[in-house]
Asker: 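Following this message is one structure expressed as structure tokens.
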There are 2 protein chains.
Amino acid sequence: MVFHMENYSASLDSSFHALSDPTRRAVLARLVLGNAPVKELAEPFEMGLPSFMKHLKVLEESGLIETEKKGRVRTCRLNSKQLAATEAWLAEQRAIWEGRTDRLAEYVEANQSKGSLS
Amino acid sequence: MVFHMENYSASLDSSFHALSDPTRRAVLARLVLGNAPVKELAEPFEMGLPSFMKHLKVLEESGLIETEKKGRVRTCRLNSKQLAATEAWLAEQRAIWEGRTDRLAEYVEANQSKGSLS
DNA sequence: ACAATAGTTTGCTATCTGGTGAACTATAGC
DNA sequence: GCTATAGTTCACCAGATAGCAAACTATTGT
């Protein structure tokens, strides 16, 4: 499962950072439904185009989306691999958490102040 | 699945932001293994305690961890619910992506420049 | 040709981020 | 009671972020 660790951490940095903004999450949620040009993506938001383009740039540099310009139209698409890779980090932590054998002991520890035994 | 949407987006903002830093992810990965006091958590990192405490604060304000001070020791523990809630957003996007019925059409579109048909 | 469209570039803000060192507080151990 | 320990608070800094308006470029439609 450890393929190319070189910049794995940096890649997670930028992906999670990209995901930390509601505008960018909304763009991703839109692209999950299908590709779209910049103008259509920008429409729901009140900010100016230059601001919006910055968000797209953050998404593209994180690898979560890819874009291609044809004529005067730039079309954006989701990169599901990067989305999956990001989810995988969280899934792995949850798997470790769920696999712990000492959670019962911890439950007892958390409740030891309540005199259920002594 | 939509329980209390009020600050759902803001909660994701802060969780993803907390996850976007390698120090904070390392702290989470440690806490997945079990609770720990601040000093033990801080040990692997070269930064000063004040800097490290800022990271802990970001994690705590995101809800990903909880802390409790007993005597002079502050113990930290993972909040698995917040971790799961964050993962859930990504899982939902993937589910939508995987459930799309038009991805074959898109595959064709992506490969139409290669003259496999015409 | 020329006007509208789609995006880009530039320069300017205010705020947030992640780090520092130094001084301080509160507990535990002897 | 003194000292070491564990954490906290403070003031400060450089760089990144997220927004804006205005001017600009490159297509497409007529």
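Please read all numbers here as calculations on a predicted model, not as lab measurements. Letters go in sequence order (proteins before strands), and every chain restarts at 1.
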Asker: Atom CG of L49(B) to atom P of dT5(D): distance rounded to whole Å?
Answerer: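 It is 13 Å, rounded to the nearest whole Å.
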
Asker: Is there a side-chain polar atom (N or O) of R24(B) under 4.0 Å from OP1 or OP2 of dG18(C)?
Answerer: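 Yes, such a contact exists.
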
Asker: To the nearest angstrom, how far is F16(A) atom CZ from dT17(C) atom P?
Answerer: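 Those two atoms, CZ and P, are 17 Å apart.
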
Asker: Answer yes or no: does a side-chain N or O of H55(A) lie under 4.0 Å from OP1 or OP2 of dT17(D)?
Answerer: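 So the side-chain polar atoms of H55(A) never come under 4.0 Å of the phosphate oxygens OP1 or OP2 of dT17(D).
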
Asker: In residues 56-69 of chain B, which residues come under 4.0 Å of DNA chain D by heavy atom?
Answerer: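 Contacts with DNA chain D under 4.0 Å: K69(B).
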
Asker: Which listed nucleotide (dG7(C), dA6(D), dA4(C)) is nearest to the side chain of R72(B)?
Answerer: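 In terms of side-chain proximity for R72(B), the closest of dG7(C), dA6(D), dA4(C) is dA6(D).
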
Asker: Heavy atoms only: give me the nearest L41(A)-R30(A) pair and the separation to one decimal.
Answerer: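 Shortest heavy-atom separation between L41(A) and R30(A) comes out as CD2-CG, 3.5 Å.
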
Asker: Given side chains that start at C-beta, do those of V58(B) and H17(B) come closer than 4.5 Å, heavy atoms only?
Answerer: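 Answer yes - side chains close enough.
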
Asker: So what does K39(A) touch, heavy atoms closer than 4.0 Å: a base, only the sugar-phosphate, or nothing?
Answerer: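 Sugar-phosphate contact only.
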
Asker: If we check side chain to side chain donor-acceptor pair (under 3.5 Å) with Q82(A), which of these qualifies: S15(A), S62(A), S14(A)?
Answerer: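 Looking at S15(A), S62(A), S14(A), the match for Q82(A) under the side chain to side chain donor-acceptor pair (under 3.5 Å) is S15(A).
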
Asker: Please tell me if S51(B) has a side-chain N or O lying less than 4.0 Å from either OP1 or OP2 of dG18(C).
Answerer: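 For dG18(C), neither OP1 nor OP2 has a side-chain N or O of S51(B) closer than 4.0 Å.
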
Asker: Which atom pair, heavy atoms only, marks the closest approach of R94(B) to L83(A)?
Answerer: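 What the structure gives for the nearest pair is N-CD2, 4.4 Å.
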
Asker: Using atom CZ of F52(B) as one end and atom P of dG19(C) as the other, report the distance to the nearest whole Å.
Answerer: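 Rounded to whole Å, this separation is 11 Å.
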
Asker: In whole angstrom, what separates K70(B)'s NZ from dA28(C)'s P?
Answerer: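 For the pair K70(B) NZ and dA28(C) P, the rounded distance is 12 Å.
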
Asker: Could you pick out which residue, T75(A) or K54(A), lies toward the 5' side of DNA chain C when each is mapped onto its nearest nucleotide?
Answerer: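 Residue closer to the 5' terminus by nearest nucleotide: T75(A).
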
Asker: Can you check the D21(B) CG to dC16(C) C1' distance for me, whole Å?
Answerer: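 That distance rounds to 14 Å.
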
Asker: So which one's nearest nucleotide on DNA chain D is more toward 5', P37(B) or E46(A)?
Answerer: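 On the 5' side of the pair lies P37(B).
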
Asker: Between dG7(D), dT20(C), dG7(C), which nucleotide gets closest to the side-chain atoms of V73(B)?
Answerer: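 Selected nucleotide (nearest to the side chain): dG7(D).
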
Asker: Please confirm whether the backbone N or O of A18(B) pairs with a side-chain atom of R24(B), one donor and one acceptor, at under 3.5 Å?
Answerer: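 Side chain of R24(B) to backbone of A18(B), a donor-acceptor pair under 3.5 Å: yes, one is there.
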
Asker: Only one of L49(B), T23(B), V27(B) clears side chain to side chain contact (heavy atoms under 4.5 Å, CB included) with L56(B); which?
Answerer: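 The residue from L49(B), T23(B), V27(B) that satisfies side chain to side chain contact (heavy atoms under 4.5 Å, CB included) with L56(B) turns out to be V27(B).
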
Asker: Tell me whether the side-chain N/O atoms of H17(A) come closer than 4.0 Å to OP1 or OP2 in dT17(D).
Answerer: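 So the side chain of H17(A) is within the cut-off, an N or O lying under 4.0 Å from OP1 or OP2 of dT17(D).
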
Asker: In whole Å, what is the span from the CZ atom of R74(A) to the P atom of dT9(C)?
Answerer: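 Answer to the nearest Å: 9 Å.
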
Asker: Would you kindly give the CE-to-C1' distance between M47(B) and dG21(C), to the nearest whole Å?
Answerer: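 In whole Å, dG21(C) C1' and M47(B) CE are 15 Å from each other.
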
Asker: For T67(A) and L59(A), run side chain to side chain contact (heavy atoms under 4.5 Å, CB included): C-alpha distance rounded to whole Å, both residues' side-chain angles, the deciding distance at 0.1 Å, then the answer.
Answerer: CA-CA 10 Å; T67(A) 78; L59(A) 282 168; over 6 Å; no

